Amino acid sequence: MNIFLLEDDDAIGMGLSYSLMNEGYTVSLSKTVSDALDTINSEKFNLYILDLTLPDGSGYDVCKRIKELGDLPVIFLTAYDDEVNVVMGFELGADDYITKPFRVKELLVRIKSVLRRYNKETVDGVFKVKNITINTNEAKIYKNGVEIVLTAMEYKLLLILLNNRGKVLSRTQLLENIWDVAGDFVEDNTLTVYIKRLRDKIEEEPNKPEFIKTVRGLGYVIDND
């Protein structure tokens, strides 16, 4: 999952980038309004975190442009004295704000909360990601509206990836969460087989997966977009 961060303080910017990347996010950092506008006009992000006070303008200007591009989630970072201006941010469409100084864990909670509101899951237990629909109430999977049949293990593997959407899961993490029907741990080679079979069923081009992606050297991920 890609996060855009606008912060002119080097220490805060680098610290937040490091913490977010440790959580599995990809971070693009800008320090000025000008650079931010260039970046967001050329690339789409899953979430935007904006400082309000910048050397060449305000985070409000960047927020306006983001909302022109679509209904995209925005969180403002504000100094204590800026808090009275937060109402303006909400009027521009911002989703949340956090006051400096703050704990990184608090920001991570806010990020997850905002992303849940933009999540494509329905309240009825139905996931819709790209051309795949997963009805968890009925344990049924549909591709382009046509039901596809998964084995119990393939279904469990898919749910694990979906429940961690946007987060890269290592092979070890997947293996720790999957048991086969006999109650034995799944071996590493068997996991590769399950991934391949799952891709064969849900991907348009299994050799060029767009749904379950491989992050070389790290693991697998279903993007949160």
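Only a predicted model underlies this, so the values are computations on that prediction, with no experimental measurement involved.
- Each of Leu69, Ile66, Leu72 was compared with Lys44 under the side chain to side chain contact (heavy atoms under 4.5 Å, CB included) criterion, and only Leu72 meets it.
- Taking the salt bridge (Lys or Arg N to Asp or Glu O under 4.0 Å) definition, one finds that Lys140 meets it with nothing, sequence neighbours left out.
- The two atoms that bring Ala36 and Leu6 nearest to each other are CB-CD1, 3.9 Å, heavy atoms only.
- Salt-bridge check for Lys67 with Asp61: failed, with every basic side-chain N at 4.0 Å or more from each acidic carboxylate O.
- Side-chain contact, Thr214 with Arg199: a donor N or O sits under 3.5 Å from an acceptor N or O.
- Of the possible donor and acceptor atoms, none in the side chain of Asp95 sits under 3.5 Å from a partner among the backbone N and O of Val114.
- Ser19 and Val104 make their closest contact through CB-CG1, 3.6 Å (heavy atoms, listed as atom of the first residue, atom of the second, distance).
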### Task
Kindly indicate, with the supporting measurements, whether the criterion side chain to side chain contact (heavy atoms under 4.5 Å, CB included) is fulfilled by Tyr220 and Ser170.
CA-CA 6 Å; Tyr220 303 96; Ser170 68; over 6 Å; no
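- For the atom pair Asn46 CG and Ile111 CD1, the distance stands at 11.0 Å (nearest 0.5 Å).
- The salt bridge (Lys or Arg N to Asp or Glu O under 4.0 Å) search around Arg110 returns Asp96, Glu106, not counting sequence neighbours.
- Every residue meeting the salt bridge (Lys or Arg N to Asp or Glu O under 4.0 Å) condition with Arg65, not counting sequence neighbours, appears here in chain and number order: Glu68.
- Criterion: ILVMFWY side-chain heavy atoms under 4.5 Å apart, direct or through other members. Under it, Tyr142 and Leu161 are not part of a common hydrophobic cluster.
- Neither Val193 nor Leu159 shares a network with the other; the hydrophobic side chains, linked directly or stepwise wherever heavy atoms of I, L, V, M, F, W or Y lie under 4.5 Å apart, form separate groups for each.
- The heavy-atom pair separating Leu115 from Pro73 by the smallest distance is CD2-CG, 4.4 Å.
- Under the ring pair (Phe, Tyr, Trp, His ring centres under 6.0 Å) criterion, Phe45 pairs with Phe4, Tyr48, sequence neighbours left out.
- Tracing side-chain contacts under 4.5 Å through hydrophobic residues (I, L, V, M, F, W, Y), one reaches Leu108 starting from Leu5; they form part of the same cluster.
- A salt bridge links Glu154 with Lys201: the distance from a Lys NZ or Arg NE/NH1/NH2 to an Asp or Glu carboxylate oxygen falls below 4.0 Å.
- A distance of 11.0 Å separates NZ of Lys112 from CG of Leu107, quoted to the nearest 0.5 Å.
- Here the shortest heavy-atom pairing between Pro206 and Pro209 reads O-CD, 3.4 Å.
- Atom CD1 of Ile75 sits about 8.0 Å away from atom CD1 of Ile3, to the nearest 0.5 Å.
- Under the side chain to side chain donor-acceptor pair (under 3.5 Å) criterion, the residue pairs touching residues 1-11 are Glu7-Lys100, Asp10-Lys31, with sequence neighbours excluded.
- Taking both residues in full, the closest heavy atoms of Ser28 and Thr39 are given as OG-CG2, 3.9 Å, listed atom of the first, atom of the second, then distance.
- With values rounded to the nearest 0.5 angstrom, Thr78 atom OG1 is found 9.0 Å from Ile98 atom CD1.
- With a 4.5 Å cut-off between side-chain heavy atoms of Ile, Leu, Val, Met, Phe, Trp and Tyr, the cluster of Val221 takes in Val168, Val215, Leu218.
- Shortest non-hydrogen contact noted between Cys63 and Val74 is SG-CG1, 4.2 Å.
- In this structure, Ile49 and Leu77 have side chains that are in contact, with non-hydrogen atoms separated by less than 4.5 Å.
- The structure places CG of Leu20 at 7.5 Å from OH of Tyr25, a figure rounded to the nearest 0.5 Å.
- A donor and an acceptor atom, one from each side chain of Thr192 and Arg171, are located under 3.5 Å apart.
- Hydrophobic cluster membership is shared by Tyr60 and Leu37, with clusters built from Ile, Leu, Val, Met, Phe, Trp and Tyr side chains linked at under 4.5 angstrom.
- Side chain to side chain, Asn135 and Glu147 fail the donor-acceptor criterion of an N or O pair below 3.5 Å.
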